Colleague: 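Quick one: structure below, then a few questions.
These numbers were taken from a predicted model, which means no experiment stands behind them. FYI, side chains are in, hydrogens and waters are out, and symmetry mates aren't considered; it's all heavy atoms of this structure.
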Amino acid sequence: MMDKNIFVELLIQHQFKAVRSILDVMNEVDIASLLSELDDKELALAFRLISKDKAAEVFANMNNSMQTYLVEMFTEKELRELLDDLYMDDTVDLLEELPANLVTRILDTVSQSERNMINLLLNYPDDSAGSIMTTEYVGLRQSMTVEESMAHIKRTGIHKETIYTCYVTDKRKLIGIVTAKELMTSDDNAVISDLMETEIISVSTHTDKEEVAQLFRKYDLLAIPVLDAEGLMVGIVTFDDAMDVMVEEATEDITKMAAMSPSEQSYFETSVFSHAKHRIAWLLVLMFSATLTGTIITKYEDAFAAIPLLVSFIPMLMDTGGNCGSQSSTLIIRGIALNEIQFRDIFRVMFKEFRVSIIVGVVLALANGVRILIMYHDVSLALVIGLSLSVTIVISKLIGCMLPLLAKKVNLDPAIMAAPLITTMVDTCSILVYFNIATHVFAL
């Protein structure tokens, strides 16, 4: 990775030839990363030194604040050249993030046909395949020969997002696909209709984009065609866009599992106030729900007075129960995300987690029992803690596996039912179990 200080020094000294030579050998993603460390003035200067064939790709890999600044700085000619080189899906992504005045400026810059296409893509739901597809793909006719197809790709491929998979259409109806490898290894006189694959995996414009991403993972696709309500081909979703969806969904799940509201901005781009706002709501819910545990503990004050030592085991029981529940919920949420587990599997999952909890509970109970006998020489206390641990672990693992599946059933994100919420519920259950067992054993 290029050292930022050396790069900035070259810019300040106006050694533009040296800067260009550095940028020419760097990958577009690395250039975007390097430029993200520059201030606004240096950013504008450095971007103008990037070769034309790289500029659009670098721009597409920049964060929203950098893109917004550059669009404000560009002349009409520079903006026109950039938009000509940007793929349609990247242009739409840009417009979704820019302020309204800059969106208007861009729409005024593009042609009427491009504006119509942009408006069409912008009207698709945010979570649909239509919102992430590109309309730039290689279309072939089944009557074309390999030689004609290769000539067509050479003429038009530079403007397409991918040429590795070509789509055979008849009046916009998708009838087959053929790969670039197939074209390059076939006889020039071979006809496309004899080479094309007719078993096609496709999605509709309103297919959920997370489902589209899962198809890429399942079938190892490079691109997937998108059809409209009439079955006509309108675009493709490429692998890089599917990867963006996977990252977006994973980020959303991670934030929800940590009891925070998702944010589309990066950590440093998000203001302190926004960070606090995204965290406070769930923390308030969890804080007030935890008061139930405090109420239960208060109810057993007499038990504390009779055997004060009981209090010292509360944190261990609550933490163990919460950790066990979190383990189960994490595995189930992952299984749901990968389509390995469905709601119909709930009883199979519960039975499996029950057997796991029995083994885990017995091992932890025996380990704690031995520790208590060595430290306190109290068989009754060892029995209480051992039984409490075993029952708490069984309950927590069952709660941890059931809640994500129930959330999925009622169309909630399973990630909501993750560590913080499950821990709060398990804490209450573990205290109830603990003091009920203690009161019966010690007859308090």
Colleague: Do D228 and R172 have side-chain heavy atoms sitting under 4.5 Å apart?
Modeller: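 Yes; the side chains approach each other to less than 4.5 Å.
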Colleague: Grab the two heavy atoms, one from A129 and one from V203, that are nearest each other, plus how far apart they are.
Modeller: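 Shortest heavy-atom separation between A129 and V203 comes out as CB-CG2, 4.1 Å.
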Colleague: With R217 as the cation and Y219 as the aromatic partner, state whether NZ or CZ is under 6.0 Å from the six-membered ring centre and within 45° of the axis.
Modeller: no
Colleague: For the residue pair I6 and I22, establish whether any side-chain heavy-atom pair is separated by less than 4.5 Å.
Modeller: no
Colleague: Between I341 and L405, is a side chain to side chain contact (heavy atoms under 4.5 Å, CB included) present by the stated rule, with each step listed?
Modeller: CA-CA 9 Å; I341 301 173; L405 287 167; 3.7 Å; yes
Colleague: Going through the distances and angles, do L222 and T162 end up as a side chain to side chain contact (heavy atoms under 4.5 Å, CB included)?
Modeller: CA-CA 9 Å; L222 292 176; T162 179; 5.7 Å; no
Colleague: May I ask you to check whether D241 and T238 show a side-chain donor-acceptor distance below 3.5 Å?
Modeller: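 Yes - a donor-acceptor pair under 3.5 Å links their side chains.
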Colleague: Q214 and N339: side-chain donor and acceptor closer than 3.5 Å?
Modeller: yes
Colleague: Can you tell me which residue pairs pass the side-chain hydrogen bond (donor to acceptor under 3.5 Å, both in side chains) test with a partner in residues 194-205, sequence neighbours excluded?
Modeller: S204-T207
Colleague: Looking only at non-hydrogen atoms, find the nearest pair between S326 and S329 and report the distance.
Modeller: O-OG, 3.0 Å
Colleague: Looking only at heavy atoms, what is the nearest atom pair of A180 and I163, with distance?
Modeller: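 Heavy atoms only, the tightest pair is CB-O, 3.5 Å.
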Colleague: Looking only at the side chains, is there a donor atom on one of Q327 and K397 sitting less than 3.5 Å from an acceptor on the other?
Modeller: yes
Colleague: With side chains defined as the heavy atoms from C-beta onward, is the minimum distance between V426 and I395 less than 4.5 Å?
Modeller: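 A side-chain contact under 4.5 Å is absent here.
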Colleague: How far apart are the C-alpha atoms of T75 and R80, what are their side-chain angles, what is the distance that settles it, and do they pass the side chain to side chain contact (heavy atoms under 4.5 Å, CB included) test?
Modeller: CA-CA 9 Å; T75 63; R80 175 70 258 180; over 6 Å; no
Colleague: Side-chain contact, heavy-atom cut-off 4.5 Å: L23 with S51?
Modeller: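 No, their side chains stay 4.5 Å or more apart.
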Colleague: Quick one: do E182 and M196 satisfy side chain to side chain contact (heavy atoms under 4.5 Å, CB included)? Show the steps, please.
Modeller: CA-CA 9 Å; E182 189 75 27; M196 67 184 188; over 6 Å; no
Colleague: Can you tell me if E136 and T134 form a side-chain donor-acceptor pair at under 3.5 Å?
Modeller: yes
Colleague: If you take all heavy atoms of F16 and L11, which pair is closest and at what distance?
Modeller: CE2-O, 4.0 Å
Colleague: Walk me through whether R334 and E340 qualify under salt bridge (Lys or Arg N to Asp or Glu O under 4.0 Å).
Modeller: CA-CA 8 Å; R334 177 185 179 276; E340 295 174 352; 3.7 Å; yes
Colleague: Any chance you could measure D40, atom CG, to S65, atom OG, to the nearest 0.5 Å?
Modeller: 8.0 Å
Colleague: Does some side-chain heavy atom of L70 sit less than 4.5 Å from a side-chain heavy atom of M62?
Modeller: yes
Colleague: Just say parallel, tilted or perpendicular for the rings of F47 and F74, cut-offs at 30° and 60°.
Modeller: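 Ring orientation, 0 to 90° scale: tilted.
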Colleague: Within the structure provided, determine whether V191 and Q142 are in side-chain contact (heavy-atom separation under 4.5 Å).
Modeller: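 No, too far: nothing below the 4.5 Å cut-off.
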Colleague: Can you find a heavy atom in the side chain of I192 that is under 4.5 Å from one in the side chain of S149?
Modeller: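 Sidechains of S149 and I192: in contact.
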Colleague: My understanding is that only one of V92, V237, I236, I224 makes a side chain to side chain contact (heavy atoms under 4.5 Å, CB included) with M133; could you say which?
Modeller: V237
Colleague: Can you tell me if D126 has over 12 outside heavy atoms packed within less than 6.0 Å of its CG?
Modeller: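 No, the 6.0 Å shell around CG holds no more than 12 heavy atoms from other groups.
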Colleague: Do the charged groups of K173 and D170 touch, with an N to O distance under 4.0 Å?
Modeller: no
Colleague: Side-chain contact test, heavy atoms from C-beta onward, threshold under 4.5 Å: evaluate it for L35 versus L38 and give yes or no.
Modeller: yes
Colleague: When you look at CZ of F343, are more than 12 heavy atoms from neighbouring residues, nucleotides or ligands closer to it than 6.0 Å?
Modeller: yes
Colleague: Roughly how far apart are E210 CD and M246 CE, rounded to 0.5 Å?
Modeller: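 It is 10.0 Å, given to the nearest 0.5 Å.
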